[in-house]
Amino acid sequence: MILGMPLHLMLVVDFLGSGVLVILGGASVAITLRLAAREPENPRWSYMGVLALALAAFALSRALGHMGKAVLLAMGRTDLWQELTPYSGALNTATFIIIAAVSFLYGKVEENVDLLRSYSQRMEQSYAALKDTYRDLQLQQQRMLILERKAVVSRIVTALAHETRNPLSSIAGFARILRRECGDQERPCQRLDIILDECARLERLVDGILKTRHEAPLHFAQVLASDILDDTLRLSRTAAGSCGVTLRLEPGPPGLDLRADRESLAMALTELALNAIEASPRGAEVRLGAEDAESMVRFQVQDRGPGIPQEVLPKLFDGTYSTKPLPSGLGLSFVRDIATLHGGMAACSSPPGQGATCTLSLPKIDAERAGRQAE
């Protein structure tokens with residue numbers, strides 16, 4: 001017996017305890033290695049793996065020491081056990097030193113890893129900022145190209161308008177002379193009247209161009225919305241007749257006043273009407289109307305044509321965009337410019353299967369303001 005415990009019982013306890021210690025150490029190593037495999041970039045699992053290996057080595061050393069001690073004592077070789085004890089203690093001490101060193105180094109490693117992560121996050125933020133800056137530069141470059149293109153188009157249009165004025169005046173002048181000389185000849189007089197009407201329309205177009213380009217002054221005055229619609233109907237009637245389209249006038253409530261340049265506003269609405277006429281099939285109807293929209297007068301031009309694709313709607317009022325292979329007239333950019341000069345806005349909508357509706361919304365003159373102006 002040793003310390004009151006039978007030798008065979010001591011051997012059983014030592015062997016069982018040592019075996020359990022080794023099993024637990026091996027299990028801890030297996031678990032930490034599996035966790036490290038899931039997150040190989042995480043240094044904590046690497047540290048836990050090394051720590052588990054060191055503890056497993058300590059458990060194995062400790063278990064072998066206890067088992068050896070029990071066997072030697074059972075054999076009566078106390079002297080041999082006393083000789084081996086220092087080596088067993090030294091091995092355990094070395095194991096603990098390794099564990100301490102690993103723990104100390106892990107702290108330094110984690111500091112460096114955190115520092116690297118911080119640098120990595122800063123680099124990612126810088127990269128994201130550079131991407132945003134590059135994207136902004138691309139957008140600015142595209143805007144500059146669009147502005148340059150619009151400036152070139154504006155210069156060309158203005159130059160053409162100036163160069164067209166004199167030939168138009170000459171054509172109209174000679175047509176008037178021929179009109180006076182044709183006497184009672186009906187057919188020549190009708191054709192000359194058409195020439196004079198078209199020359200007048202072109203002259204108004206030229207004036208509209210120069211006004212939108214600030215090359216000619218706008219003549220603002222108080223006008224009725226119904227008068228603007230009458231002008232539009234008169235200017236569009238010939239084109240509607242040649243296309244077999246009916247124009248329907250809906251002047252809206254009486255007394256809708258606004259301050260506007262009558263000629264340029266009528267030309268803008270005529271441009272909308274001509275587009276609607278071209279989009280309408282023969283026998284269709286185009287509606288011209290005006291309505292009171294609180295502080296605005298809203299002119300409307302509505303057709304029952306095929307409509308406008310949704311992806312085209314945002315580009316309609318861009319002067320560099322056209323859906324026609326050979327566009328004629330001033331285009332919807334002219335309409336937008338006229339609306340802007342009047343403090344209003346232009347818009348188009350096209351519900352599927354319902355044609356298109358284009359609107360000009362301009363500030364109206366209320367009765368009280370009109371009375372003050374009259375005084």
Side-chain angles (χ1 to χ4, degrees), residues 142-161 201-202 204-220 223 225 228-229 231-232 235-236 239 258-279 286-291 293 295-303 305 307-324 326-350 355-364:
Q142 292 175 0
R143 290 170 185 164
M144 288 181 65
L145 290 174
I146 292 173
L147 289 175
E148 289 176 2
R149 189 185 304 172
K150 288 183 177 180
V152 170
V153 171
S154 178
R155 287 196 296 270
I156 293 174
V157 169
T158 304
L160 288 174
R201 188 174 74 87
L202 288 175
R204 284 190 291 270
L205 282 173
V206 169
D207 287 341
I209 292 172
L210 296 177
K211 286 175 180 178
T212 58
R213 303 299 183 269
H214 304 287
E215 296 284 334
L218 289 168
H219 301 288
F220 285 95
V223 295
I228 302 295
L229 289 174
D231 292 345
T232 304
L235 295 172
S236 309
L258 65 156
R259 183 173 175 78
D261 181 286
R262 181 169 177 169
E263 288 188 357
S264 62
L265 186 53
M267 289 308 303
L269 280 172
T270 301
E271 185 67 26
L272 294 178
L274 293 176
N275 279 323
I277 291 168
E278 291 179 4
V286 171
R287 300 168 62 183
L288 308 176
E291 62 181 7
S295 62
M296 308 291 282
V297 176
R298 182 179 295 132
F299 294 95
Q300 292 182 339
V301 179
Q302 187 176 25
D303 65 66
I308 304 170
Q310 296 300 312
E311 64 273 12
V312 174
L313 283 174
K315 307 175 186 177
L316 278 180
F317 296 99
D318 188 344
T320 60
Y321 178 81
S322 176
T323 58
K324 305 174 185 177
L326 294 173
S328 59
L330 294 176
L332 294 180
S333 64
F334 166 77
V335 177
R336 178 202 59 195
D337 292 342
I338 289 296
T340 302
L341 290 173
H342 284 77
M345 60 181 296
C348 281
S349 62
S350 183
T357 301
C358 292
T359 61
L360 275 181
S361 299
L362 307 175
K364 73 175 182 180

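In this text, all values refer to a predicted model and were calculated from it rather than measured experimentally.
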So if I apply the side-chain contact (heavy atoms from CB on, under 4.5 Å) rule between Leu269 and each of Thr232, Leu274, Leu235, Ile338, which one comes out positive? Thr232
Minimum side-chain heavy-atom gap Met296-Lys364 below 4.5 Å: no
Point-to-point distance, once rounded to the nearest 0.5 Å, from CG of Asn275 to CG of Asp303: 9.0 Å
Audit row: Cys348, Leu313, side chain to side chain contact (heavy atoms under 4.5 Å, CB included) steps and yes/no: CA-CA 7 Å; Cys348 281; Leu313 283 174; 4.2 Å; yes
State the CG-OG distance between Asp337 and Ser264, to the nearest 0.5 angstrom. 11.0 Å
Residues that Ala346 engages under side chain to side chain contact (heavy atoms under 4.5 Å, CB included), provided they are two or more places apart: Phe317, Val335, Ala339, Leu360
Derivation and outcome, side chain to side chain contact (heavy atoms under 4.5 Å, CB included), residues Glu291 and Gln300: CA-CA 8 Å; Glu291 62 181 7; Gln300 292 182 339; 3.4 Å; yes
Close side-chain approach of Ile277 to Ser236, heavy-atom, < 4.5 Å: yes
Separation between OG1 (Thr340) and CG (Leu362), nearest 0.5 Å, reads 10.0 Å
Begin with the C-alpha distance, continue with both residues' side-chain angles, and end with the deciding distance and a verdict on side chain to side chain contact (heavy atoms under 4.5 Å, CB included) for Arg262 and Ile228. CA-CA 7 Å; Arg262 181 169 177 169; Ile228 302 295; 3.7 Å; yes
Can you tell me how far apart OG (Ser349) and CD (Gln302) are? Round to the nearest 0.5 Å. 8.5 Å
Are Phe299 and Leu229 close enough that some pair of their side-chain heavy atoms sits under 4.5 Å apart? yes
Closest non-hydrogen atoms of Ala273 and Val301, given as atom of the first, atom of the second and distance, are CA-CG1, 3.9 Å
Taking Ala356's backbone N and O only, do any of them form a donor-acceptor pair with Ser350's side chain (distance below 3.5 Å, no angle check)? no
Can any side-chain N or O of Asp261 pair as donor or acceptor with the backbone N or O of His219 at less than 3.5 Å? yes
List the atom of Ala260, the atom of Leu265, and the distance in Å for their closest heavy-atom pair. CB-CD2, 3.7 Å
What's the shortest heavy-atom distance between Leu341 and Phe220, and which atoms? O-CZ, 3.7 Å
